[in-house]
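Any value given below was found using the heavy atoms of this structure, including those in side chains, with hydrogens, waters and symmetry copies removed.
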Amino acid sequence: MTDHTITLTINGIERSVEIDVRSTLLDLLRERLQLTGTKKGCDHGLCGACTVTVDGERVLSCLTLAVSIDGSSVLTIEGIAEDDRLHPLQQAFLDCDGFQCGYCTSGQISSAHALLYEHARGDLSAASFEPAGGNVVGGPDILSDNEIRERMAGNICRCGAYPNIVDAVASCLRDGRP
């Protein structure tokens, strides 16, 4: 028997679901729970279109077995907005024209949302140790454009909206809005 019941808190709502133990989190979200904002891009963990957070950490939902995160809290693009208002990061993507075709946007925003919280709690990246060249964001805890790019490297935009995505993330950092 390959079915197993798991309980997840998805976007603040606890849900118990019987799943095949081979189901990915992405397939559970899209096919069983109709949360279709998270996209299936490459289905190999290479593009980042399926990025969500599990217990506050970025994951590629196409590579995450749903059964492996039983009891966890999942945040998808549908849960980032605050009631009927866009999250400041979502608004920044609009203001900075951080998307073109929009296919990667949910993964980009989910990844950037996690990036803001990772930075706020003091997580470092490889670029944290490089001299801060170029445009520097923030106060004593600087985050350069290069570091934003490095932290977002797992998310691919086929349209090439990268400069605008960096601007959107940087504007949230400048405004102090994680």
Side-chain angles (χ1 to χ4, degrees), residues 10-12 24-54 56-64 74-120 123 125-128 130 132-138 142-178:
I10 301 173
N11 299 329
T24 64
L25 175 57
L26 176 61
D27 289 337
L28 171 65
L29 293 171
R30 290 185 58 80
E31 296 172 16
R32 295 287 305 280
L33 302 177
Q34 280 65 56
L35 293 170
T36 57
T38 303
K39 302 300 183 209
K40 185 178 276 196
C42 66
D43 208 21
H44 294 287
L46 300 172
C47 71
C50 68
T51 304
V52 298
T53 58
V54 175
E57 301 296 327
R58 286 185 260 192
V59 301
L60 299 170
S61 62
C62 74
L63 297 181
T64 304
V74 178
L75 181 66
T76 70
I77 189 68
E78 290 92 347
I80 290 178
E82 300 164 354
D83 298 319
D84 290 336
R85 292 184 343 258
L86 293 177
H87 183 278
L89 181 61
Q90 292 169 312
Q91 186 62 52
F93 265 70
L94 284 172
D95 295 345
C96 295
D97 198 23
F99 53 91
Q100 288 181 29
C101 81
Y103 196 82
C104 72
T105 305
S106 59
Q108 296 278 1
I109 290 174
S110 292
S111 188
H113 186 261
L115 175 158
L116 294 173
Y117 284 96
E118 291 164 4
H119 176 64
D123 292 2
S125 72
S128 300
E130 296 174 0
N135 184 25
V136 177
V137 179
I142 59 172
L143 198 58
S144 68
D145 286 357
N146 287 340
E147 186 157 5
I148 294 169
R149 281 191 286 278
E150 190 271 331
R151 290 175 183 244
M152 293 291 294
N155 293 81
I156 295 172
C157 174
R158 292 181 181 137
C159 300
Y162 298 115
N164 300 353
I165 292 168
V166 170
D167 288 347
V169 174
S171 74
C172 283
L173 289 166
R174 270 193 306 273
D175 297 344
R177 43 185 185 171

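Checked against R32 for a side-chain contact (heavy atoms from CB on, under 4.5 Å), the options L29, L28, L35 give a single hit: L28.
Taking CD of Q108 as the start and CZ of F99 as the end, the distance is 12.0 Å to the nearest 0.5 Å. The CG atom of L75 sits 6.0 Å away from the NE2 atom of H113 when rounded to the nearest 0.5 Å. Between the OG atom of S61 and the CG atom of L26 there is a distance of 4.0 Å, given to the nearest 0.5 Å. Once rounded to the nearest 0.5 Å, the distance linking CD1 of I77 with NE2 of H87 reads 10.0 Å. Here the straight-line distance linking atom OG of S111 with atom CZ of R58 works out to 3.5 Å at 0.5 Å rounding.
Judged purely by atom type and a 3.5 angstrom limit, E78 has no side-chain atom pairing as donor or acceptor with the backbone of N11. N164 places a side-chain N or O within 3.5 Å of a backbone atom of D97 that can act as its donor or acceptor partner. Counting only distance, with no hydrogens or angles, the side chain of S110 and the backbone of T76 share no donor-acceptor pair below 3.5 Å. Side chain of Y162 to backbone of C157: a donor-acceptor contact under 3.5 angstrom is found. Distance alone, capped at 3.5 Å, is enough to place a donor-acceptor pair between the R30 side chain and the T38 backbone. Checked by atom type and distance alone, the side chain of E57 never pairs as donor or acceptor with a backbone atom of V54 at under 3.5 Å.
C172 is listed as a side-chain neighbour of L89, based on a closest heavy-atom distance under 4.5 Å.
For E150, the side-chain hydrogen bond (donor to acceptor under 3.5 Å, both in side chains) partners are S125, not counting sequence neighbours.
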